[in-house]
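Following: one structure in structure tokens, then a few remarks.
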Amino acid sequence: RTRELSVKRKLNAMPAVFSGRNVLLVDDSIVRGTTMSQIVDMVRRAGAKKVYLASASPPVRFPNVYGVDLPTRREFVACDLSEDQIRGVLGADGLVYQSMADMEAVGQGLNPSVHRFEDSCFTGHYCTGHVDDSYLAELEASPRRGLRDTPTGTARHPQLEIGGRAERLHAELAKSRLEAELAEAGKEEKKCSISAPRGGV
């Protein structure tokens, strides 16, 4: 709710600018998707014929465990979805992501001495090698992250948050999976020792 109000305060789509036009919205990344879906809707209500999205980064699908306070994986709009499904969730007419190969090529062009980048939030490959599924499950189940930003104490899949635009079956499957994860986490009562600066992307 706070994010929704923030978008309305900061942005105002003017019909004089958007009415009758095809619009391309460019962002550095799309994480939860809640802000972008609101912007798409705002631009449509201002009269845009078509709304396309371009992300300067690849789809964010995995958490960062090295100090960047990203949401848990289940909060990512790209979690377990194809790019076309993400487009549908966001309500756009088209969606283009930066490719990993192109992004790495730019980085190496700027500094040829760098042969590998920390790209875990895009690929799920963690450079330290100790991060596995059980570690990520422990991280997400911790009191710090597992139930954050949910007034009822039940974490929700982003597809259930963005106007029901995702396919109903996919949303129900995601919800069932999440409930099972939370139930298991409650039984184990694990604690995570990792802390990260509050804020998020």
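From a predicted model like this one, the values you see are computed outputs, not experimental measurements. Residues: numbered from 1 along the sequence shown.
Looking at residues two or more places apart in sequence or on another chain, you find a side chain to side chain contact (heavy atoms under 4.5 Å, CB included) between K49 and N22. Scanning for side-chain hydrogen bond (donor to acceptor under 3.5 Å, both in side chains) contacts around D102 gives S99, with sequence neighbours left out. Remark: S19 pairs with no residue by the side-chain hydrogen bond (donor to acceptor under 3.5 Å, both in side chains) rule, at least two apart or across chains. Residues meeting the side chain to side chain contact (heavy atoms under 4.5 Å, CB included) test with A54, sequence neighbours left out: L24, V26. Looking at residues two or more places apart in sequence or on another chain, you find a side-chain hydrogen bond (donor to acceptor under 3.5 Å, both in side chains) between T128 and Y66, H130. Partners of S113 by side chain to side chain contact (heavy atoms under 4.5 Å, CB included), not counting sequence neighbours, listed by chain and number: N111. Legend: residues meeting side-chain hydrogen bond (donor to acceptor under 3.5 Å, both in side chains) with D93, ordered by chain and number and at least two apart, are R44. Partners of Y97 under the side chain to side chain contact (heavy atoms under 4.5 Å, CB included) rule, at least two apart in sequence or in another chain, are I30, S55, P59, E83, I86, L95. Every salt bridge (charged side-chain N to carboxylate O under 4.0 Å, His left out) that D84 has, sequence neighbours left out, goes to R87.
If you take CZ on R61 and CZ on F122, they are separated by 11.5 Å, rounding to the nearest 0.5 Å.
The salt bridge (Lys or Arg N to Asp or Glu O under 4.0 Å) analysis of residues 13-30, with sequence neighbours excluded, yields no pairs. Within the structure, the salt bridge (Lys or Arg N to Asp or Glu O under 4.0 Å) test picks out no pair touching residues 109-135 (sequence neighbours left out).
The shortest distance between side-chain heavy atoms of Y126 and L136 falls below 4.5 Å. Counting heavy atoms from C-beta outward, F76 and P63 have side chains that approach closer than 4.5 Å.
Here the side chain of S29 pairs no donor or acceptor atom with the backbone of V31 at under 3.5 angstrom.
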